[in-house]
Asks: 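Handing you this structure, nothing more for now.
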Amino acid sequence: MSNKMYTKKVLLVDDDIDQTEMYKFTFENDGFDVTVENNPLEAVATAATARPDIVLLDVLMEGCNGLTVLEKLKENKQTQYIPVIMLSNVQDKKTEDRASELGAVDYWEKTKLLPNDIVRKCKKFLGLEGG
Amino acid sequence: MRFEKRTVPNRSYRSRIALSFVLVGSIWTLLILEVLLSDASLVRLITFAVFALTFILSMMFIWYVFEEIKDEKRISELNTVRSEFLYVASHQLRTPVSVITGNLSLLAEGAYDKKPKAQLRRVYESMFHKAKKLTNTVNGILMASHMDNFDVFKLPINHMQPVDIREIVRNICETLEYKADEKQLTFDYTAVTASDEPVYVKSTGNYLEQAIMNVIDNALTYTHKGFVRVLFVRTRRSISIAVTDTGIGIPKEDQENVFTKFERSPNAERTYADGSGLGLFVARKIIEAHSGGKIGFVSAGEGKGTTFSIEIKTL
């Protein structure tokens with residue numbers, strides 16, 4: 001595991017603090033600049049401020065569903081071009097299809113991926129080394 | 001977790017109904033022609049007997065087809081419920097698993113080796129918290145499955161015993177106090193009884209405790225600010241427990257499904273994504289299995305709080 005700074009920014013949107021702490025640690029350990037948003041209602045504002053290179057967005061969250069957040073991210077001029085990957089434990093074809101319709105670039109299932117796998121896939125998506 | 005919905009296309013039973021009408025119509029037409037062309041009274045008698053028999057058989061056939069349609073609709077509804085359950089259950093079961101497995105993988109590969117002790121403890125705590133949550137979810141699902149055929153009075157006689165319900169309610173309130181503290185809610189428990197004597201109902205302690213716990217825990221889960229008040233009242237022949245909260249309330253259109261298995265109103269889903277839609281279903285099954293057991297609620301609608309009430313006959 002390298003500690004090279006990629007100067008790439010990732011935004012994690014998930015209401016589960018335990019999950020975001022784990023993913024934040026793994027991304028930071030690999031040199032990413034990480035912003036965490038545990039309140040889905042604040043996700044668009046946070047994305048507009050942080051200007052991440054990629055957003056990892058959960059689906060089932062308290063306060064607001066991830067699909068609604070995705071829709072708002074795509075409606076907002078400041079955030080509409082930021083690639084969004086859904087990272088969820090919901091395995092449901094309808095949800096995946098809806099996310100794709102709304103503009104998510106991919107849909108990953110948390111239980112099928114260890115934290116390092118997620119970092120590796122993000123690096124690959126962003127065209128970084130070792131992907 | 002993908003699965004195919006077992007539905008039968010509408011066309012299949014529509015064609016069966018149409019076929020039955022065509023068959024019955026053809027037979028009747030032939031028989032009417034036979035009657036018109038014949039003079040013999042015996043032939044007429046037999047013809048009418050055949051008419052009657054055909055009519056009965058055709059009605060039975062149509063009834064059978066309609067029953068099949070009803071069964072198919074029921075299967076389709078069950079599939080919808082199963083699909084909704086899998087949607088929620090997959091999230092509830094997988095979320096803790098992904099945190100436990102993810103952290104264990106990082107521990108195993110030494111990624112946490114340089115973490116300060118306090119931060120490492122936080123990792124252990126989060127895994128322990130998720131393991132407990134997973135246990136609760138699995139227990140909830142097993143309990144709900146058990147409840148489908150539950151009748152407390154069919155349990156072996158030695159399972160039934162007088163239990164002090166006032167003590168049960170008091171213990172539950174003490175157990176859940178932490179949750180009210182975390183959310184900075186006012187949480188009151190008041191018992192109105194003539195004396196400090198125990199208040200007995202015939203039950204099995206564990207089941208009853210689970211039911212009352214579900215109701216009070218729900219009130220705390222779905223209340224963000226204000227209070228949750230538990231009022232225990234003993235009357236001459238029964239007890240009542242009223243749980244009043246200033247929580248999210250229950251929208252009018254969702255009120256008829258409050259006790260339905262896996263049903264959750266949209267405002268409840270927005271408030272607490274991890275709910276299974278099993279708690280109140282289980283609570284009602286248990287309460288109504290008790291002598292004089294009733295459970296109900298009153299809510300003026302979304303955002304206007306709710307009062308759940310439970311009644312059980314005393315010994």
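Numbered from 1 within each chain, the chains take letters A, B, ... in sequence-line order.
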Asks: Nearest 0.5 angstrom please: Thr101(B) OG1 to Leu113(A) CG, how far?
Replies: 11.5 Å

Asks: Please report the interatomic distance CD(Gln119(B)) to CD(Glu21(A)), rounded to the nearest 0.5 Å.
Replies: 8.5 Å

Asks: Quick one: does Arg94(B)'s side chain have a donor or acceptor within less than 3.5 Å of a partner on Asn89(A)'s backbone?
Replies: yes

Asks: About how many Å separate OG of Ser105(B) and CG of Asp117(A), when rounded to the nearest 0.5 Å?
Replies: 8.0 Å

Asks: Check the surroundings of atom CD in Glu174(B): do more than 12 heavy atoms from other residues, nucleotides or ligands lie under 6.0 Å from it?
Replies: yes

Asks: Could you tell me the separation between the CG atom of Leu114(A) and the CG atom of Leu104(B), rounded to the nearest 0.5 Å?
Replies: 10.0 Å

Asks: Might you confirm whether atom CD of Glu182(B) has over 12 heavy atoms from other residues, nucleotides or ligands at distances under 6.0 Å?
Replies: yes

Asks: Any chance CD1 of Ile17(A) has more than 12 other-residue heavy atoms, nucleotides or ligands included, within less than 6.0 Å?
Replies: no

Asks: Looking at Lys132(B), I'd like to know if its NZ atom is crowded, meaning that more than 12 non-hydrogen atoms belonging to other residues, nucleotides or ligands lie closer than 6.0 Å.
Replies: no

Asks: Do the side chains of Asp18(A) and Arg122(B) get close enough for a salt bridge, i.e. N-O under 4.0 angstrom?
Replies: yes

Asks: Taking side chain as C-beta onward, heavy atoms only, is Asn116(A) less than 4.5 Å from Leu106(B)?
Replies: yes

Asks: I need the Ser98(B) OG to Met22(A) CE distance, nearest 0.5 Å.
Replies: 5.5 Å

Asks: Got a second to check how far Ile100(B)'s CD1 is from Thr111(A)'s OG1, nearest 0.5 Å?
Replies: 12.5 Å

